[in-house]
Structure formats: C-alpha cells, structure tokens
A.B. asks: 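Sharing a structure here in structure tokens format.
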Amino acid sequence: MFCNQCEQTAKGIACTKIGVCGKSDEVAALQDLLTYAVQGLSLVATEGRKVGVIDAAVNQFTVQAVFACLTNVDFDPRRFQNWLNRTVELREALKGKVKAAGGNVEFTAPAASFMPAPALDGLVSQGQRLDFMNSLDTNEDLRSLKQITVYGLRGLAAYADHAAILGKEDDSIYAYIHETMAELTKSGQSLEQLVGMTLKCGEVNLKAMELLDAGNTGTYGHPVPTAVPLGVKAGKAILISGHDLRDLELLLKQTEGKGINIYTHGEMLPTHGYPELKKYSHFFGHFGTAWQNQAKEFPQFPGAILFTTNCIQKPADSYKANVFTTGLVGWPDLIHIGDDKDFAPVIKRALELPGFAADEDKGSVLTGFARNTVLGVADKVIDAVKSKAIRHFFLVGGCDGAKPGRNYYTEFVEKVPADCMILTLACGKFRFFDKKLGDIGGIPRLLDVGQCNDAYSAIQIAVALAGAFNCGVNDLPLSMVLSWYEQKAVVILLTLFSLGIKDIRLGPSLPAFISPNVLNVLVENFACKPIAATPEEDLKAILG
Ligand code: SF4
Ligand code: SF3
C-alpha cells in the first residue's frame, strides 16, 4: 500500500504496510481501485455533459464514492466491493445513454473500460497493481499537485455530499469533479495548469460549502449562542458522533419520549446551537472531546454509540457491541444502519445498557457563534476594534489529531493577550474549548463558529468585517493559525488560497504530499508558513 493523505502518515512520508489510522493494506488497495474506477465513470459523465446527458444518480454516487476514500470513513472491504461493482454498472448504463444522445463513448484511458474482478481478493490485486498515488505522474512536482487535487476532491466531495443530503446540489460541482477526475487520467500538463487545477478545487469547494451552509441553516435555523452541558444526566443514553445533522435530527425524532438522552461527541458539539435541533428536550449535552479520543472516551459511555459520516476510529472489543454506523461510515463487524435510517437497533441497545446512574455537573461550554450571531453584533465588534478594546482576531481552527505536537494550539490560545478575540471551528477546538477566557465588552473572547463543515461561515464573517472596515481580508487585524489532519482540511486550505488569503500558519506538520517546489509556489504566492516551534514566536511575529 501507499497512502500519504493525512497528517498522521507513517514517518511523515507514507503508510506502506498498514495505516496508522488502522486502514488495512486491503482497504488501501480497494480505495485506489475505486478512485481509478471513478475516473472511468467521470470520463463518460464528462462526455455525457457535452451532449446534454446529466445523470442525477451518477452525480450523487460519484461524490459518495469519492468521500468514502477520505481518511477515517470506511474500513470495510465488502462495502468497497459494492462501490466498485456499482461504479461499473453506472458507467456502462451511462455509456448507453451518451451513445444514444450522439456522444463519444470510445476512450483510450483504460479506466473507462475497467472490469472489476469477481471476488474480493482479485479486486485487492487489481488495486495493488495500480500503485495509484505514485502513478499519477513521473515528475515529483506534477505528481504532488495531482495528489493535492485528488485529496482536495475527496474533501470537496465530502462537503458536496453533506449538502446533497439536505437537498442542496449544483451541477457545476458535479461537473467539476467529473472533469477533474477525467483530467487526472492524462499526463503532459504543465506546472501552471496543475496549479490552476488545484486552486480551482478550492474555488469550487467554496460553492459546496455555501450550499452546505444554506442546507444547515435553511433546515435547522441559524445557530444561536448555546451553553452545552459537559456533564451527564441520570438515565439511558445514546452518543452520536461524526458530522451529519440529518442523522442527528432523525435520531432525536425516533428517541422522543423513550427516556433516552442524546449526547454529542467530537464535531457534533456545534449542533446544539441549531434551533430546530436544540428544541428537543432530550438533546442533553456533550460527552468527551475530539474524534481521536474515541478509544479512550467511548468505553466510559454506558449507552449506545452511533457513528455518522465521518471520523471513525477502530472500536475496541470492549465496547464494539455498542457501536453502530450509518451513512458512508463502515467498519467490519459493526451493524450498519442503511438508508431507511431506522435507528431501532441503536435504541434497543441503548435501552439494554445501564445508562448513567446519577446526574453529574461538569459545567458547560458555549457554541453557536456562526455568521448570523457574530454579524448580529458586528457594530459592537467594529466599535471595539476602533476604540482598541479589541486589538486582533485569531482564527485558531482545523482538525485535531493523534500525533504529539498539537499542544502548540492549546498553548497558543492560552497565550493570546486578553485584548484579542479567538474564533475557532472544527475539532481542533477540543484542545482548548473549555477554557474560561472571559469577554471583551460582553462578547466572549472564544467564539465557536462550528464544525469544519462551517468554514463558509467563518469566511463570511471575515469578508463582512473586511467590508465594514473597507479593506481586504488580508488587511484585517486577523491571523489564521490552522491545524490540519485530513482531506476536508486540505480542501478548506485550497479554498482559502483561491480567495487569495495570505499568511496562513499551518501545522502541526506540513503535508507529506507537498513537494519542496510546490511548497515554494505556496510560500511565494500566499506567504503560507508552518507554525513556529513555540506559540510565543508566532504571537510575537503577528502582534509585534
Ligand atoms: Fe496512513 Fe493517513 Fe492514509 Fe491512514 S489515511 S493509511 S494514517 S496516510
Ligand atoms: Fe476534520 Fe475529521 Fe476534525 Fe471536521 S473531518 S474537523 S478531523
């Protein structure tokens, strides 16, 4: 296997025997093969668009298949076998439609005529023979840009899928994914062309994130500031993890009146701020911290656990029987709740388990500071900046991860001077989310904008502040100190680059798939830099 797509990749180079994430050699090969098969489907879909053939099932399938290859989503070989067979079924059916419409269905790229082996071991051999990530280009820099694009596409597909679940779609996003997947079957592009292709991925992702924002706020209302209990309530319990608000809503509906309290974990924390979710009286609080602490925290939870897409860790045998998956998430041996979203097995398990014996108060944290809330107090914020009550804003956002070195972010937040505000989003916040940082003129100093899925909201806040100060985002007293872990973060970074945002500090380490020359391009154009060895150094460089 060869996988270098996430921050915890082995030795900072690549996982070659087994994934640090727990991904097997077998699943890595199947993911490579699926990516290759989707390239074939994309070639046909791109030809189809030229003759007016747009297939909704192909579009939705594409984003799901691409998303399934994101880090910590699906570890189940059987599910990949189904994805592969379905890709080829859809491709052949689409060829028929394209041909009937007068389009071209003759392709030189072998991906367009790939036939999956009948059994799993044959598929694994097919995937292994591809050496997909290394075969993208023989030139190190061009290969690096193509890898960034493949990973960016995985992040983009994730956001497009989250949006589609809430009924928000745009064919330009599907068209871009198909065109780019098809383009990646070719060689001979110039460095400039591939830089353009990479940045375009970020630009298209802004659209996907805007759709997701519209889906979330249109369905569940704009988040409002909400105190989320960190303690527990006596009684039966279900914990929900991942990112999917629709799954949470359906779980809340199906558990109403059953005497079960619902707790969030990881990236589900900000869902407590949505009016149409917080209205459920049994939607109680938040248990634990970030995705990477599942193995430590889940054994302490005396109820059922539901994983929605995405960010799953291998559950240990001690609590495996309590864990269920849904959406794109899969792990062999776990019960998967299918598209009917009937959570009865989860509810049954929660009722069998003891639940919490007694109430325990562990205080609370605030969430719900998405764009509507923050911009609702924009006048106050602007006045505070003008009167110098607020000196600087920091966006300390991004993912958490398992490797050491991420204490930088905790210390950074602790050391930010008291006249500065901190906006945060995504799961990196669990390094500091419960710190009591006080307020400036009644506005809390630490504002949780939401999930990584809400990066659009943070961008809108920055754009609106720039508008109010009549300057560009780069001229605001705002610095971005980001942490990355997987491909959702990669595509958000590409989006920030596509918006021309400069001086981003990135850590805890730089991606293994960025070659030295490509890094130079990013440094020259965007002044993007790694975080310094200590937060003090970065704070001094930023604040003087
Ligand atoms: Fe390794 Fe990350 Fe790939 Fe898992 S996703 S195999 S940890 S690089
Ligand atoms: Fe990323 Fe898995 Fe934390 Fe949603 S998606 S932020 S790691």
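Indexing begins at 1, ligand by ligand and atom by atom, following the structure's order. Keep in mind it's a predicted model, so treat the numbers as computed, not measured.
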A.B. asks: Report the name of the N/O/S atom of E486 located nearest to atom 2 (Fe) of ligand 2.
C.D. replies: OE2
A.B. asks: For T9 and C3, indicate whether the former's side chain and the latter's backbone hold a donor-acceptor pair under 3.5 Å.
C.D. replies: yes
A.B. asks: Set out, in order, the CA-CA distance, both residues' side-chain angles and the distance that settles salt bridge (charged side-chain N to carboxylate O under 4.0 Å, His left out) for D434 and K362, then state yes or no.
C.D. replies: CA-CA 10 Å; D434 51 355; K362 289 187 180 171; over 6 Å; no
A.B. asks: Just let me know how N310 lines up against ligand 2, side chain, backbone, both or neither, with a heavy-atom cut-off below 4.0 Å.
C.D. replies: side chain
A.B. asks: Among all protein non-hydrogen atoms, which one is nearest to atom 2 (Fe) of ligand 2, and what is the separation to 0.1 Å?
C.D. replies: C311 SG, 2.1 Å
A.B. asks: Using a threshold of 4.0 angstrom between heavy atoms of the protein and any atom of ligand 1, which residues qualify?
C.D. replies: M1, C3, N4, Q5, C6, Q8, T9, C15, G19, V20, C21, K23, T71
A.B. asks: Kindly assign one of parallel, tilted or perpendicular to the pair H243 and H162, based on the angle between their ring planes and the thresholds 30° and 60°.
C.D. replies: tilted
A.B. asks: Under 3.5 Å, is there a donor-acceptor pair linking the side chains of E169 and N59?
C.D. replies: no
A.B. asks: Centroid-to-centroid, F412 to F394, below 6.0 Å?
C.D. replies: yes
A.B. asks: Which label fits F298 and F307: parallel for a plane angle under 30°, tilted from 30 to 60°, or perpendicular past 60°?
C.D. replies: tilted
A.B. asks: Please could you name the atoms of ligand 2 that W291 approaches to less than 4.0 Å, counting only its heavy atoms?
C.D. replies: 3 (Fe), 7 (S)
A.B. asks: Counting neighbours of NZ on K296 that are heavy atoms of other residues, nucleotides or ligands and sit closer than 6.0 Å, is the number greater than 12?
C.D. replies: no
A.B. asks: Should you measure from each heavy atom of K488, which atoms of ligand 2 turn up under 4.0 Å away?
C.D. replies: 5 (S)
A.B. asks: Do you know which two heavy atoms are closest between L510 and L506, and how far apart they sit?
C.D. replies: CD2-CD2, 4.1 Å
A.B. asks: Examine the side chains of T198 and T149 and answer whether a donor and an acceptor come within less than 3.5 Å of each other.
C.D. replies: yes
A.B. asks: Suppose I only count heavy atoms of Y485 and a 4.0 Å limit; which atoms of ligand 2 are within that range?
C.D. replies: 7 (S)
A.B. asks: Quick check for you: with atom 4 (Fe) of ligand 2 as the vertex, what angle do SG of C452 and NE2 of H243 span, to 10°?
C.D. replies: 90°
A.B. asks: Classify the ring geometry of W83 against F61: parallel below 30°, tilted from 30° to 60°, perpendicular beyond 60°.
C.D. replies: tilted
A.B. asks: At under 4.0 Å between heavy atoms, which part of C399 makes contact with ligand 2: side chain, backbone, both or neither?
C.D. replies: both
A.B. asks: When you check the side-chain N and O atoms of T308 and R246, is any donor under 3.5 Å from an acceptor?
C.D. replies: no
A.B. asks: Can you list the ligand 2 atoms lying under 4.0 Å from a non-hydrogen atom of A426?
C.D. replies: 6 (S)
A.B. asks: Quick check: does C427 have an N/O/S atom under 2.8 Å of atom 4 (Fe) of ligand 2?
C.D. replies: no
A.B. asks: Taking the inter-plane angle between the rings of F75 and W331 on a 0 to 90° scale, is it parallel (under 30°), tilted (30 to 60°) or perpendicular (over 60°)?
C.D. replies: tilted
A.B. asks: Taking the N/O/S atoms of E267 one by one, which is nearest to atom 4 (Fe) of ligand 2?
C.D. replies: OE2
A.B. asks: Heavy-atom distances under 4.0 Å are what count here, so tell me which part of Q451 touches ligand 2: side chain, backbone, both or neither.
C.D. replies: neither
